[in-house]
4 protein chains.
Amino acid sequence: MTRERKKSEKRAAILQSAFDEFKNRRFDAVKLDDVAARAGVGKGTLYLYFKNKEDLFIQMALDGVEQMAGRMKEIARMDLPFCERFFLFGREIGAFVEKRSVMFRLMHQISSESIQQEFMGQHRLLVEVARGLLKAGVDEGVLRSDVTVADLHCLLIGPLLFRVRLNKFNNDQIEVNTLLNLFWDAAVLKPETRKLEL
Amino acid sequence: MTRERKKSEKRAAILQSAFDEFKNRRFDAVKLDDVAARAGVGKGTLYLYFKNKEDLFIQMALDGVEQMAGRMKEIARMDLPFCERFFLFGREIGAFVEKRSVMFRLMHQISSESIQQEFMGQHRLLVEVARGLLKAGVDEGVLRSDVTVADLHCLLIGPLLFRVRLNKFNNDQIEVNTLLNLFWDAAVLKPETRKLEL
Amino acid sequence: MTRERKKSEKRAAILQSAFDEFKNRRFDAVKLDDVAARAGVGKGTLYLYFKNKEDLFIQMALDGVEQMAGRMKEIARMDLPFCERFFLFGREIGAFVEKRSVMFRLMHQISSESIQQEFMGQHRLLVEVARGLLKAGVDEGVLRSDVTVADLHCLLIGPLLFRVRLNKFNNDQIEVNTLLNLFWDAAVLKPETRKLEL
Amino acid sequence: MTRERKKSEKRAAILQSAFDEFKNRRFDAVKLDDVAARAGVGKGTLYLYFKNKEDLFIQMALDGVEQMAGRMKEIARMDLPFCERFFLFGREIGAFVEKRSVMFRLMHQISSESIQQEFMGQHRLLVEVARGLLKAGVDEGVLRSDVTVADLHCLLIGPLLFRVRLNKFNNDQIEVNTLLNLFWDAAVLKPETRKLEL
DNA sequence: TATGAATGAGGCTTCATTCAT
DNA sequence: CATGAATGAAGCCTCATTCAT
């Protein structure tokens, strides 16, 4: 137990430190020496948990995606009016994207073909879940159906992603809720449904 | 003149080949050997036109941004109803973003602080121009004013950027025009103004 | 006693597995991980029996040399006509060399000076014994004395060693007995003494 | 010309320095840093001429083998009595083996399967040439035919190889000529043919 | 101006060795 | 005694950069 526990904790520590190092740096600007030092382990230890630098990078980038997808699925299945499910969902994903925007940047930066595939699989998972919710909105007659679900999805997630960048680099202070409301205005059939001041 | 001309052409060739190499690769995965070979010049020649790898990278990423900004400013200044200026503008920027999405990814990948600044300057330029147009829309009473211009901007550009990724990695076929229309629905005060079937 | 026994067996198991690993590999291509795994012990256990990798290597290479030397001395001392002693001896050494050709290859691959010495000591032991026999042959007037014992020794052992390589890499099928007979023809004074069909 | 010349010379310099480094050391005990330093070139330069450490090692080990084989073939074809061709040949090969005994040790130390093959090809070349000469001796009725050519070959080369080791590690002073004469006594049909005091 | 052979700093990775359990 | 997780020294190799031609 202690054994398993420690092992799992060490892995998490490495992932965290990798996250901190990769967050604002290029892949090649991150030194595994630093990752190890920050995690408080020896350099060689990294290789007990990860095949190599790229593997560590990927594991880090995908860390938490599945839990996230799970939580999002739960929300989508909740017994609530669509409007509420949507805003719950939106805030959840907005927060996730803020914390793990790395993942979205990194899709473009993978060399190995096979890993590329794994990566895209995870990404598609998230896309699927989000589109599932939107599809429900359409089916329930809340969201418009003159555009595709893909269009709506793009309109929803795009701003949430871009927001992170603007807030970071442009010192803007764009709120998730504002974006969700704007999306709602564009996507919903009967505007009066809208509400949700926060 | 021929001298100037040749020089300029060679620079352009290098930038193009750099673009092709960087497009789908990590910074460190691109070898200057390959860039030079693809451009049909010797490796040393790169250093006659660019200070170093990062410089080449930046020049490439920013290549065309100023022209783009210029063109966009012109559109914004045109003597046309806001609606038309908007859609012209939107399609222009949609195309630009499609071709040069690199630039947007790369903001995060610069080591040198000073270059970071230069980069952000250019980015801000584009942001400014776009927000200028949107501000005009608000001032002219076409766009809603209950959210900030920054919010509207994020809602406009975010999907255009995300679209590129989805079309590429998810094999979606999201249209710029659809996104513009959706934006319009969310942002405009009197929906009946909207039109533009294309 | 059981204690002693077990210990000795484990040591033997390690030596055997080391032998199998080193047999066809470079020193640096052998991983102690593999040696331990093959021997069915933990990696740390190796260090209970051997000082370090090089020590294990040496012990393995020299393993059995002394017994061999002993057996050879016995043969040399037997109360038999020289001819018979020689062929017994030759076949014995031919078999030994076939099994432990490693040892002979390895002389060249030792870093530590002190270990080098130990190694050479063992080698010299074998040389001595062989030359002892040949000296007896000369003294008894069976072998020629117009060349040195060292020359004869070289003529005897060289082919036995080279044979192993040819059989292995060249797929030859050279017999120890043939080589012994050839040596005999070259080395003996009165050819009619020679016989030994097998 | 100067270009080609320089390149070829540099390669030779590297091979020589590699030879000196590998001569008395284990593969893993040789540092490419040292090879480069000894050759008076930069570390990276090694990689302009050789794929990697093992490649350098092989090229070095095989360096000169083909010339040697060529020279030996010439001797074998000379218009001389077999006896003279034999001793010429023997002395040539004795000297070669003395200088390049590395090659023979190294057969056992190659990891890559493909390189192993190349290596064995070269070795077989030498074996072939030597056996060609011995075959001629048999055909001309000078050498005995009651043993195979492979046996004779093993009897000839084995001692020449072993001699190098004994002289080096045992401080013996075994002469090539003595060994050749001994071989001759064993292999020739009419002993009176033998002569060659030197 | 253009080249590409040469360089060497620097980082990933391996694996012998240690030591807490 | 036995283990194997952890370590970090050490070296191969890459590739941006330089510079003689």
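All values reported here derive from a predicted model rather than from experimental measurement. So that the names make sense, note that chain A is the first sequence line, chain B the second, and so on, each numbered from 1.
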* Apply the side-chain contact (heavy atoms from CB on, under 4.5 Å) test between Arg100(A) and each candidate in Val65(A), Asp63(A), Leu62(A); give the one that qualifies. => Asp63(A)
* To do: Name the nucleic acid region contacted by Tyr49(D), choosing base, sugar-phosphate or nothing; use a 4.0 angstrom heavy-atom cut-off, strictly under.
  => sugar-phosphate
* Asked: Does Ser17(A) reach the main-chain N or O of Arg38(A) with its side chain, forming a donor-acceptor pair under 3.5 Å?
  -> no
* Asked: Say you draw a straight line from CG of Leu32(A) to CD of Glu21(A); how long is it, rounded to the nearest 0.5 Å?
  -> 9.5 Å
* Please determine, by modelled atom types, if Gln59(D) and Asp55(D) share a side-chain donor-acceptor pair under 3.5 angstrom. => yes
* **Bracket string, DNA chain E, 5' to 3' - pairs by Watson-Crick or G-U geometry under 3.5 Å, | interstrand** => .||||||||||||||||||||
* Closer than 4.0 Å, any side-chain N/O of Tyr47(D) to the OP1 or OP2 of dC15(F)? -> no
* Taking only residues two or more places apart in sequence or in another chain, which ones pass side-chain contact (heavy atoms from CB on, under 4.5 Å) with Asn24(C)? -> Lys168(C)
* To do: Would you mind classifying the nucleic acid contact of Phe50(A) as base, sugar-phosphate or nothing, using non-hydrogen atoms under 4.0 angstrom?
  => nothing
* Asked: Roughly how many Å is it from CG in Asn52(D) to P in dG11(F), rounded to a whole number?
  -> 17 Å
* Starting at atom CZ of Arg26(A), determine the distance to atom C1' of dA16(F), rounded to an integer number of angstrom. => 12 Å
* With the side chain of Leu48(A) defined as its heavy atoms from C-beta on, choose the nearest nucleotide among dA5(F), dA2(F), dA16(E). => dA5(F)
* Most 5' of Thr45(B) and Asp33(C) on DNA chain E, judged by nearest nucleotide -> Thr45(B)
* Asked: What is the distance from CG of Asp55(D) to P of dC13(F), rounded to the nearest Å?
  -> 10 Å
* Asked: Taking atom CD of Glu66(A) as the centre, does the number of heavy atoms from other residues, nucleotides or ligands within less than 6.0 Å exceed 12?
  -> no
* Could you state the CD-C1' distance from Glu54(A) to dC12(E), rounded to the nearest angstrom? -> 13 Å
* Asked: With a non-hydrogen cut-off below 4.0 angstrom, is Val30(A) in contact with a base, only sugar-phosphate, or nothing?
  -> sugar-phosphate
* To the nearest Å, give me how far apart CG (Asp34(A)) and C1' (dC12(E)) are. => 13 Å
* Counting any heavy atom closer than 4.0 Å, what does Asp28(A) reach on the DNA or RNA strands: base, sugar-phosphate only, or nothing? -> nothing
* To do: Specify the separation, in whole Å, of atom CZ of Arg11(B) and atom P of dT1(E).
  => 15 Å
* Asked: Quick one: Lys31(C) NZ to dT13(E) P, roughly how many Å, whole number?
  -> 15 Å
* Side-chain N or O of Lys43(D) less than 4.0 angstrom from OP1 or OP2 on dG8(E)? -> no
* In whole angstrom, what separates Lys53(A)'s NZ from dT14(F)'s C1'? -> 13 Å
* Supply the atom-to-atom distance Lys43(D) NZ to Asp33(D) CG, rounded to the nearest 0.5 angstrom. => 4.5 Å
* Asked: Does NZ or CZ of Arg26(C) lie under 6.0 Å from the centre of the six-membered ring of Phe27(D), at an angle within 45° of the ring axis?
  -> yes
* For dA6(E), does either OP1 or OP2 sit under 4.0 Å from a side-chain N or O belonging to Lys10(D)? -> yes
* Asked: Of Phe27(A) and Gly44(C), whose nearest nucleotide on DNA chain E comes first from the 5' end?
  -> Phe27(A)
* To do: Take Leu46(A) and Leu32(B), find for each the nucleotide of DNA chain F with the closest heavy atom, and name the residue whose nucleotide sits nearer the 5' end.
  => Leu46(A)
